[in-house]
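I have placed the structure first, in the form of structure tokens, so that the comments after it can refer back to it.
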Number of protein chains: 2
Amino acid sequence: MASIKDVAAEAGVSVATVSRVLNSHPSVSADARARVLAAVESLGYRPNAVARSLRTDQTRTLGLVISDVLNPYFTELARSVEEAARALGYSVIIGNADERPDLQDHHVRTLLDRRIDGLLVSPTDGGSPLMLEAARAGTPMVFVDRWIAGVDVPVVRADGQQAVRDLVSHLHRLGHRRLAIIAGPAATTTGSERVEAFREALREHGLPLPDELIGQGDFQAASGRRVTEAFLALPEPPDVVFAADNLMALGALDAIRARGLRVPQDIGLAAFDDIPWFVHTDPPITAIAQPTGELGRAAVRALVDRIEGRPPESVTLPARLVVRRSCGENFPENSSENSSENSPA
Amino acid sequence: MASIKDVAAEAGVSVATVSRVLNSHPSVSADARARVLAAVESLGYRPNAVARSLRTDQTRTLGLVISDVLNPYFTELARSVEEAARALGYSVIIGNADERPDLQDHHVRTLLDRRIDGLLVSPTDGGSPLMLEAARAGTPMVFVDRWIAGVDVPVVRADGQQAVRDLVSHLHRLGHRRLAIIAGPAATTTGSERVEAFREALREHGLPLPDELIGQGDFQAASGRRVTEAFLALPEPPDVVFAADNLMALGALDAIRARGLRVPQDIGLAAFDDIPWFVHTDPPITAIAQPTGELGRAAVRALVDRIEGRPPESVTLPARLVVRRSCGENFPENSSENSSENSPA
DNA sequence: ATCCTCTGTGTAATCGATTCCACGAGGAGG
DNA sequence: CCTCCTCGTGGAATCGATTACACAGAGGAT
């Protein structure tokens with residue numbers, strides 16, 4: 001592969017001049033510029049990003065470590081992050097942690113070794129020493145979706161508190177009283193926050209949240225299935241199950257169906273995180289939708305601000321309830337449901 | 001960030017010795033090794049992958065350019081590719097082309113600039129000059145899922161011909177005669193092959209495939225919706241619609257539902273590419289499942305073989321039909337459907 | 001005692017870019 | 001005509017690693 005030296009030789013100039021042309025430095029004669037450009041063209045020369053990075057100490061690359069690529073929510077987040085980064089001239093390297101702290105550490109380490117300019121993380125756990133150390137050492141970093149307390153890192157996330165309150169009101173109005181939740185790992189903020197918001201909303205309606213109606217999941221479908229089976233085996237099963245993410249909702253649906261029960265007649269189901277498929281499940285699933293695209297864009301903006309020396313800003317955006325039929329029917333103001341869908345691309 | 005020089009100074013040896021220790025070269029004394037390791041530990045030193053890559057001319061990184069991350073099929077493919085690559089000591093950088101040739105080119109160019117060791121591509125179109133040139137120039141490359149004819153690059157893909165034949169038999173047995181297909185872009189192999197397999201299978205049953213029952217889609221949900229609307233507006237609409245990928249099936253479902261029709265009573269629906277959600281749609285969707293994980297692993301194996309100087313192998317694996325209820329009921333041998341599911345993680 | 005072979009180590013070149021510094025030519029101002 | 005800038009350019013240092021080569025000293029063979 002042709003290097004800058006080859007171009008210089010071909011154009012009859014020094015490598016310095018070639019470099020100046022390529023970086024549009026002002027002081028290059030029109031003649032030299034033309035010759036260099038011609039040489040670049042004829043050799044099919046492309047600058048070696050590795051060499052450039054070594055010298056300039058910047059890679060124009062962002063790392064994104066997400067908890068689970070198979071979760072459509074994170075896929076969409078990743079897509080919007082890449083798009084926003086590309087618009088600003090950055091590439092993105094995605095690391096998939098599969099909800100495993102060891103894998104998360106692996107990716108963080110690899111990304112750091114590659115000297116990425118900044119790191120976007122949705123932490124799988126309470127924070128590994130590695131990540132905390134990186135933050136303290138000054139690696140530009142932004143938490144997205146989930147975060148870790150006590151670390152001075154901007155956070156970009158959705159606030160589901162009001163939406164959860166709306167959900168509980170909705171359920172209450174439909175006559176449901178025994179409400180259960182499939183929680184995410186307590187070590188994650190989204191895992192514990194959603195339970196807290198749910199508990200708080202129940203309290204406002206004078207409803208209890210007994211321990212047997214809090215199932216411990218891990219944001220994966222299998223755990224949703226397991227927890228739901230336990231709920232259904234209770235002497236007094238819940239009226240509605242609220243899954244803290246869409247994969248656990250899928251598992252819950254599996255379990256309910258395996259038991260031969262119908263949604264919503266026998267038991268209701270709701271989920272955090274909305275996805276296009278929820279419109280077509282049997283029945284369509286009531287869910288809390290996050291402004292995923294906007295989160296990704298805001299996260300990139302914050303990280304790039306931090307990288308380029310501007311003060312980064314934490315951002316919190318509201319999530320919103322999308323009512324469908326999985327918790328019961330007869331919702332007059334719900335007839336226009338289709339128009340409020342976030343239409344799939 | 002500490003460099004190899006700092007480690008050398010701290011350990012009281014030369015950088016050469018540090019490098020030898022780090023690369024487990026044999027000729028280093030136990031004493032020196034211990035001092036270096038101690039220095040590495042105390043400084044928290046991590047080798048700079050950028051510098052190492054420049055010198056060794058290898059990045060231990062694979063590029064993966066896929067057509068659409070939002071498509072669960074590609075997400076799963078990406079996941080298995082990353083997993084297989086990691087097991088072999090490689091990282092993966094994913095580029096999402098969103099079915100846009102210009103974006104695909106952008107990613108290929110960026111990956112090449114970063115001097116990745118090899119490239120895995122699922123081409124969005126018939127092949128840009130850039131990609132063909134890269135292949136000719138000797139960049140290790142493997143096509144996965146889709147490919148481009150006339151280029152000497154190994155191909156790892158699934159063969160759906162028999163599965164499509166099984167699907168058509170199934171439909172025929174259920175009494176369906178007017179069968180329509182939502183095709184993918186003709187420029188992609190999967191776009192044209194699936195139509196050909198479908199046409200061929202119909203011919204075996206003495207059924208025609210008139211032009212009005214071939215809709216031109218682009219593998220995105222919106223096109224599935226549009227094409228299906230056109231089908232439904234025909235004087236004689238089809239009995240069944242077969243979508244060439246899962247996103248177009250989603251769009252088809254949207255269109256059918258918007259028209260107030262029921263699946264499968266009013267019209268049947270089947271899809272290429274199976275995903276966990278198809279079990280829970282209303283009704284569960286009959287689909288052709290690809291051995292996605294195995295494809296990803298085989299692709300990485302082929303690419304790494306090529307990179308490391310072994311002869312790479314093209315691989316073709318069979319896809320298989322998974323019958324559910326979206327094309328009609330009364331299938332006695334179909335009662336054990338649940339056991340044949342590929343269970344979601 | 002001499003010579004040879006190993007072993008362990010350091011010096012320096014190298015990868016492909018960027019960029020500081022110096023220098024020559026040419027124009028402006030005195 | 002001399003001085004001083006400005007402009008365009010090239011030489012060389014540099015980033016952080018790897019590795020060829022040289023060499024010192026230990027130990028074995030003769």
Side-chain angles (χ1 to χ4, degrees), chain A residues 1-37 39-40 43-61 89 91 109-117 137, chain B residues 1-40 43-61 89 91 109-117:
Chain A
M1 190 152 277
S3 85
I4 196 171
K5 273 187 207 152
D6 304 316
V7 176
E10 172 88 5
V13 298
S14 72
V15 295
T17 298
V18 175
S19 177
R20 283 192 270 260
V21 171
L22 265 31
N23 294 284
S24 36
H25 239 270
S27 60
V28 179
S29 67
D31 175 58
R33 178 182 314 274
R35 291 216 311 285
V36 167
L37 259 19
V40 164
L43 293 173
Y45 168 76
R46 296 246 79 212
N48 184 327
V50 174
R52 190 204 296 261
S53 292
L54 176 60
R55 183 57 234 252
T56 61
D57 200 32
Q58 54 159 326
T59 50
R60 294 209 71 88
T61 301
S91 298
R109 204 186 320 272
T110 306
L111 291 168
L112 257 24
D113 285 355
R114 286 163 180 271
R115 302 301 193 262
I116 45 147
D117 293 342
Chain B
M1 190 151 276
S3 83
I4 196 171
K5 273 187 207 153
D6 304 315
V7 176
E10 172 88 6
V13 298
S14 72
V15 293
T17 299
V18 175
S19 176
R20 288 191 190 102
V21 171
L22 264 31
N23 294 283
S24 36
H25 240 268
S27 61
V28 178
S29 67
D31 175 57
R33 177 182 315 274
R35 291 216 312 283
V36 167
L37 259 18
V40 164
L43 293 173
Y45 169 75
R46 297 246 78 212
N48 183 327
V50 174
R52 190 203 295 261
S53 291
L54 176 60
R55 182 58 234 249
T56 61
D57 199 33
Q58 53 160 324
T59 50
R60 293 208 72 87
T61 301
S91 298
R109 204 187 319 274
T110 306
L111 291 167
L112 256 23
D113 285 355
R114 284 164 181 273
R115 303 300 194 261
I116 45 148
D117 293 343

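Here the structure is a predicted model, which means the values were calculated and not measured. Just the heavy atoms: all of them, side chains too, but no hydrogens, waters or symmetry mates, feed the values below. Lettering follows sequence order; numbering is per chain, from 1.
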Response to the item:
Within residues 52-61 of chain A, the residues having a heavy atom closer than 4.0 Å to DNA chain C are Arg52(A), Leu54(A), Arg55(A), Thr56(A)
Worksheet entry | Leu43(B) CG to Glu10(B) CD distance, which is reported to the nearest 0.5 Å | 4.5 Å
Worksheet item: Do Arg60(A) side-chain atoms and Gly89(A) backbone N/O form a donor-acceptor pair below 3.5 Å?
Response: yes
Worksheet item: With sequence neighbours left out, what residues match Thr110(B) under side chain to side chain donor-acceptor pair (under 3.5 Å)?
Response: none
Practice prompt. Nearest 0.5 Å please: distance from the CZ atom of Arg55(B) over to the CG atom of Leu54(A).
Written response: 12.5 Å
Under 3.5 Å, which donor-acceptor pairs link side chains of residues 28-35 of chain A to any protein atom two or more places apart or in another chain?
residue  : atom : partner  : partner atom : Å
Ser29(A) : OG   : Ala32(A) : N            : 3.1
Asp31(A) : OD2  : Arg35(A) : NH1          : 2.6
Arg35(A) : NE   : Ala11(A) : O            : 3.0
Arg35(A) : NH2  : Ala11(A) : O            : 3.3

Practice prompt. Just jot down the salt bridge (Lys or Arg N to Asp or Glu O under 4.0 Å) partners of Asp6(B), sequence neighbours excluded, or say none.
Written response: none
Discussion item. If I take atom CZ from residue Arg114(A) and atom OG from residue Ser53(A), how far apart are they, to the nearest 0.5 angstrom?
Written reply: 11.0 Å
Worksheet item: Looking at residues at least two apart in the chain, or sitting in another chain, which of them share a side chain to side chain donor-acceptor pair (under 3.5 Å) with Ser19(B)?
Response: Asn23(B)
Worksheet item: Which angle, rounded to 10°, do you find between the first-five-pair axis and the last-five-pair axis of the helix from dA1(C)-dT30(D) to dG30(C)-dC1(D)?
Response: 60°
Discussion item. So if I take residues 13-22 of chain A and measure heavy-atom distances to DNA chain D, which residues fall below 4.0 Å?
Written reply: Val13(A), Ser14(A), Ala16(A), Thr17(A), Arg20(A)
Practice prompt. Walk along DNA chain C from 5' to 3' and tell me the first and last nucleotide with an atom closer than 4.0 Å to a non-hydrogen atom of chain A.
Written response: dC15(C) to dC20(C)
Worksheet item: How would you list, by chain and number, every residue that makes a side chain to side chain donor-acceptor pair (under 3.5 Å) with Asp117(A), sequence neighbours excluded?
Response: Thr59(A)
Worksheet entry | Of residues 24-33 of chain A, the positions that come close to DNA chain C - non-hydrogen atoms, cut-off under 4.0 Å | none
Fill in: Name of the residue among Val21(B), Leu22(B), Val18(B), Leu37(B) meeting side chain to side chain contact (heavy atoms under 4.5 Å, CB included) with Val7(B)
Val18(B)
Item to complete: Could you pull out all residues at least two apart from Arg109(A) that satisfy salt bridge (Lys or Arg N to Asp or Glu O under 4.0 Å)?
Response: none
Practice prompt. Output all residues satisfying side chain to side chain donor-acceptor pair (under 3.5 Å) with Asp57(A), sequence neighbours left out; order by chain, then residue number.
Written response: none
